[in-house]
Amino acid sequence: MTGSNMQNSIRVRFAPSPTGKLHLGSARTALFNWLFARGQDGTLILRIEDTDPERSKRSLEDSILDDLRWLGLDWDEGPDTCGAHGPYRQRERAETYRVHSQRLLGEGKAYPCYCTLEELEEKKRQAMAAGRTPIYDGTCRRLSEEERRGRELQGLKPAIRFRVPDHEIFFEDLLHGSMRFSPDVIGDFIIVRSDGSAGFNFSVVVDDATMGISHVIRGEDHLTNTARHVLLFEALGYAVPLYLHHSLLLGPDGSKMSKRHGATAVPDYREMGYLPQTLINYLALLSWSPPAEKEVLDKDELLRLFDIGDLSPSPAVFDKAKLDWLNSKHLHMAPLSELVRAAGRFAPEWSDNPHFPLMVESVLDNLVTLSDLPRYLAPFGPAEVPTEQVAHWVRSESGRAVVEKAIDILENRDLGGLEDAKQIIAEIKRDFMEKGLKAREVLMPVRVALTGKDKGPPLPYLLVVLGLEESISRLREL
RNA sequence: GCCCCCAUCGUCUAGAGGCCUAGGAUAUCGCCCUUUCAAGGCGGUGACGCGGAUUCGAAUUCCGCUGGGGGCACCA
């Protein structure tokens, strides 16, 4: 990834965890960060939050990077680059976390906690039952040195908890304004697990601090976590970054979009035949609207118009119908060559045909996604036996006459390209329309004779792709 | 349960006290165009959650309620 050379102090990050494929909601977060960074000449950092050894998979990291590239969201520093603030995988940053946690321990801002998982579970259950906020009760907070030694001798491996100070927490959110949290609702939280690995809240803060992150742009599900983060920044003596929590992406039922809403991963949409520019455009339209009323935008236009401060604070429901509409728009905007390249895998049985670009062009108006291709391209295949409903077109007297005439014209003409074909069709049409037939009474018999169907691409395309010989032979077969 | 966020057509949104008998997009319905299917053009249906307060005047400000969402892990 090549980055901007005109970097200033604006540094933002996108920090996916490789526990699943790139989610649409994550992609939207990535897009907001990207638009902000690229629009401000800032630096975009890609950080892999793989601290959960159970669920993190390297193959998923690869697929996330792959999907980000497919979307055209590039980064300046990340696991695949050599940046000054690396490494960019949290699992490779253990030493940094260790140093920082030791510091907090040494300063008494954190303490070892020997409570077992079972004990904690029970405490939580009791708190819930009693109607209290299920936060840590502070059992290990005031353990004496002796008590600690005692537990160590028992062979207990402590986790490290942050000692939440007894003062209110304030921070500004760029979208939500002033936020205030009481320390009573927070409770000492784990910063290092008993296996020695850093917890999420801790590694995020240490990384944001040591990577020089200036703006943290993330989903609103992190809004309450931010209170903890601010506390950690302060305890560590680092400057608190600016925060912006954007709205969440919702499923049709109004809850946070998740697997049970169906396809939620970027690669799912890729496979369904949506274009990357569609996804980018659509994701940007959720919680944001362009100042002019033009909604179909490419990445350059987005970059020019988008202002992260204009984001709406209220959540947005993902609407596939509008995504479909947008995709058909982008299908029309994309250069044919690009489309043909992307279309190949959706219509492998056709992609080697020298007329493939023409075929794609002929059905463009019908497509919602590229996966619709085979269905609409079918008329280019072997002719079908006409069903009863369509057979009448070629059985009628005028229908037969039209077909005869078409054969006659085709036998005496060259068929070089689309223009020739258009002329041929026009000629057939002209002849019979002068005799009082309607256009459809002329062209439907030809269509049915050629394909056996009453639906399909414009006739000139059919002629060119089928070729003169094949066209004539199909007309004759009738 | 506690804490936090949010609240305009089904959906995405415009609207920062009078320009709003609330605008656009999508979806939906109808008409036109059309060799088919589409695409396109035109038009219709459709929303300020409720209650107070402030004000000459509130979708727009304030409070309460209701509703929805998120968080409260040795997940991220």
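Here is how names work: the chains are called A, B, and so on, in the same order as the sequence lines, proteins then strands, and each is numbered from 1.
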**Student:** Verify, without hydrogens or angle tests, whether Glu122(A) (side chain) and Glu119(A) (backbone) share a donor-acceptor contact under 3.5 angstrom.
**Tutor:** no
**Student:** On a whole-Å scale, what distance lies between the P atoms belonging to U60(B) and U21(B)?
**Tutor:** 15 Å
**Student:** Mind checking whether Tyr274(A) and Tyr269(A) have parallel, tilted or perpendicular rings, split at 30° and 60°?
**Tutor:** tilted
**Student:** According to the Watson-Crick and G-U wobble definitions, with both distances under 3.5 Å, which nucleotide is paired to G51(B)?
**Tutor:** C63(B)
**Student:** Between G69(B), A14(B), A76(B), which one does the side chain of His222(A) approach most closely?
**Tutor:** A76(B)
**Student:** Distance check: side-chain N/O of Lys322(A) vs OP1/OP2 of A27(B), anything under 4.0 Å?
**Tutor:** no
**Student:** Which nucleotide wins on minimum distance to the side chain of Asp52(A), given the candidates U36(B), C72(B), C75(B)?
**Tutor:** C75(B)
**Student:** Donor-acceptor pair, Asn327(A) side chain versus Val368(A) backbone, under 3.5 Å?
**Tutor:** yes
**Student:** A cation-pi test, strictly: NZ or CZ of Arg161(A) under 6.0 Å from the centre of the six-membered ring of Phe189(A) and no more than 45 degrees from its axis. Yes or no?
**Tutor:** no
**Student:** Answer with base, sugar-phosphate or nothing: what part of the nucleic acid does Pro315(A) contact at a heavy-atom distance below 4.0 Å?
**Tutor:** sugar-phosphate
**Student:** Using a 3.5 Å distance criterion without hydrogens, assess whether the side chain of Thr51(A) forms a donor-acceptor pair with backbone atoms of Gly199(A).
**Tutor:** no
**Student:** Using a 4.0 Å heavy-atom cut-off across all strands, classify His245(A) as base, sugar-phosphate, or nothing.
**Tutor:** nothing
**Student:** Taking the minimum atom-to-atom distance to the side chain of Ser314(A), which one of A7(B), U35(B), A76(B) wins?
**Tutor:** A7(B)
**Student:** Give the rounded distance in Å between these two atoms: CG of Leu223(A) and P of C72(B).
**Tutor:** 12 Å
**Student:** Report the distance from atom CG of Asp195(A) to atom P of C74(B), rounded to the nearest whole Å.
**Tutor:** 13 Å
**Student:** Can you check the distance between G64(B) and A22(B), where both ends of the measurement are the C1' atom (answer in whole Å)?
**Tutor:** 26 Å
**Student:** Looking at Lys453(A), I'd like to know whether one of its side-chain N or O atoms comes within less than 4.0 Å of OP1 or OP2 on U35(B).
**Tutor:** no
**Student:** What does A73(B) pair with, Watson-Crick or G-U, if both distances are under 3.5 Å?
**Tutor:** none
**Student:** Could you give the distance separating A25(B) and C9(B) at their C1' atoms, to the nearest angstrom?
**Tutor:** 12 Å
**Student:** Are OP1 or OP2 of A76(B) and a side-chain N or O of Arg193(A) less than 4.0 angstrom apart?
**Tutor:** yes
**Student:** Answer with yes or no after comparing the ring centroid distance for Phe380(A) and Tyr461(A) against a 6.0 Å cut-off, counting only values under it.
**Tutor:** no
**Student:** Considering every strand and a 4.0 Å limit on heavy-atom distances, what is the contact class for Leu120(A): base, sugar-phosphate, or nothing?
**Tutor:** base
**Student:** Exactly one of His215(A), His222(A), Arg218(A), Glu172(A) should register a side chain to side chain contact (heavy atoms under 4.5 Å, CB included) with Tyr243(A). Which one does?
**Tutor:** Arg218(A)
**Student:** What is the distance, to the nearest angstrom, from the CG atom on Asp253(A) to the C1' atom on G69(B)?
**Tutor:** 11 Å
**Student:** For U11(B) and A27(B), measure between their P atoms and round to the nearest Å.
**Tutor:** 16 Å
**Student:** Between atom CG in Asp221(A) and atom P in C72(B), what is the gap in whole Å?
**Tutor:** 9 Å
**Student:** So, Trp75(A) versus Phe14(A), ring centres under 6.0 angstrom or not?
**Tutor:** no
**Student:** Taking atom C1' in both G17(B) and U54(B), what distance in whole Å separates the two?
**Tutor:** 11 Å
**Student:** Over how many whole Å does the gap from Arg447(A) atom CZ to U36(B) atom P extend?
**Tutor:** 9 Å
**Student:** Given A14(B), C4(B), U11(B), identify the nucleotide with an atom nearest to the side chain of Val317(A).
**Tutor:** U11(B)
**Student:** How far, in whole Å, is G15(B) from A76(B) if one measures between their C1' atoms?
**Tutor:** 37 Å
**Student:** Under 3.5 Å for both donor-acceptor distances, Watson-Crick or wobble: does G40(B) have a partner, and if so which one?
**Tutor:** C32(B)
**Student:** Would you tell me if any nitrogen or oxygen in the side chain of Arg440(A) comes within less than 4.0 Å of OP1 or OP2 on U34(B)?
**Tutor:** no
**Student:** Within the 4.0 Å heavy-atom criterion, would you say Arg161(A) contacts the bases, only the backbone, or no part of the nucleic acid?
**Tutor:** sugar-phosphate
**Student:** Could you tell me whether Thr51(A) contacts a base, only the sugar-phosphate backbone, or nothing, with contacts defined as non-hydrogen atoms closer than 4.0 Å?
**Tutor:** sugar-phosphate
**Student:** In this structure, how many angstroms lie between the P atom of A27(B) and the CG atom of Leu323(A), rounded?
**Tutor:** 12 Å
**Student:** Does the side chain of Ser287(A) get closer than 4.0 angstrom to OP1 or OP2 of U13(B) through an N or O atom?
**Tutor:** yes
**Student:** For Phe181(A), answer base if it contacts any base atom (sugar-phosphate contacts may also be present), sugar-phosphate if it contacts only those atoms, and nothing otherwise; contact means non-hydrogen atoms under 4.0 Å.
**Tutor:** sugar-phosphate
**Student:** Under 4.0 Å between a side-chain N or O of His176(A) and OP1 or OP2 of C6(B)?
**Tutor:** yes
**Student:** With a 3.5 angstrom cut-off on both distances, give the Watson-Crick or G-U wobble partner of A22(B), or none if there isn't one.
**Tutor:** none
**Student:** The side chain of Val185(A) is closest to which nucleotide in this list: U26(B), U13(B), C3(B)?
**Tutor:** C3(B)
**Student:** Please classify the nucleic acid contact of Ile160(A) as base, sugar-phosphate, or nothing, using heavy-atom distances under 4.0 Å.
**Tutor:** nothing
**Student:** Nearest whole angstrom, please: distance from the C1' of A76(B) to the CD of Gln90(A).
**Tutor:** 9 Å
**Student:** Ring centres under 6.0 Å, that's the criterion: do Phe181(A) and His167(A) meet it?
**Tutor:** no
**Student:** Taking only the side-chain heavy atoms of Pro460(A) (C-beta and beyond), determine which of C4(B), C72(B), U35(B) contains the nearest atom.
**Tutor:** U35(B)
**Student:** For Arg28(A), does its backbone N or O pair with a side-chain atom of His246(A) as donor and acceptor, under 3.5 Å?
**Tutor:** no
**Student:** Classify the nucleic acid contact of Cys115(A) as base, sugar-phosphate or nothing, counting any heavy atom under 4.0 Å across all strands shown.
**Tutor:** base
**Student:** Whole angstrom is fine here: how far is it from CG in Asp208(A) over to C1' in A76(B)?
**Tutor:** 13 Å
**Student:** Among the candidates U36(B), U26(B), C4(B), find the nucleotide nearest to the side-chain atoms of Ala321(A).
**Tutor:** U26(B)
**Student:** Touch check for Gly456(A), heavy atoms < 4.0 angstrom, all strands: base, sugar-phosphate only, or nothing?
**Tutor:** base
**Student:** If you look at every strand shown and take non-hydrogen atoms under 4.0 Å, does Asn225(A) touch a base, only sugar-phosphate, or nothing?
**Tutor:** base
**Student:** Which is true for Lys294(A) with a 4.0 Å heavy-atom rule: it touches a base, it touches only sugar-phosphate, or it touches nothing?
**Tutor:** nothing
**Student:** Determine whether any donor atom in the side chain of Ser194(A) lies under 3.5 Å from an acceptor atom in the base of C74(B), or the reverse, and answer yes or no.
**Tutor:** yes
**Student:** Which nucleotide in the set U36(B), U11(B), C72(B) lies at the smallest distance from any side-chain heavy atom of Asp319(A)?
**Tutor:** U11(B)
**Student:** I'd like the P distance from U28(B) over to C65(B), given in whole Å.
**Tutor:** 41 Å
**Student:** Which is true for Glu295(A) with a 4.0 Å heavy-atom rule: it touches a base, it touches only sugar-phosphate, or it touches nothing?
**Tutor:** base
**Student:** Using the P atom as the point on both nucleotides, what is the distance between U8(B) and U45(B), in whole Å?
**Tutor:** 22 Å
**Student:** Look at all strands and tell whether Arg375(A) reaches a base, only sugar-phosphate, or nothing, counting heavy atoms closer than 4.0 Å.
**Tutor:** nothing
**Student:** Over all strands shown, is Lys429(A) touching base, sugar-phosphate only, or nothing at heavy-atom distances under 4.0 angstrom?
**Tutor:** sugar-phosphate
**Student:** Taking OP1 and OP2 of G71(B), is either one under 4.0 Å from a side-chain nitrogen or oxygen of Lys256(A)?
**Tutor:** yes
**Student:** Partner of C9(B) by Watson-Crick or G-U wobble geometry, both contacts under 3.5 Å, or none?
**Tutor:** none
**Student:** Closest to the Leu117(A) side chain: C74(B), C5(B), A27(B)?
**Tutor:** C74(B)
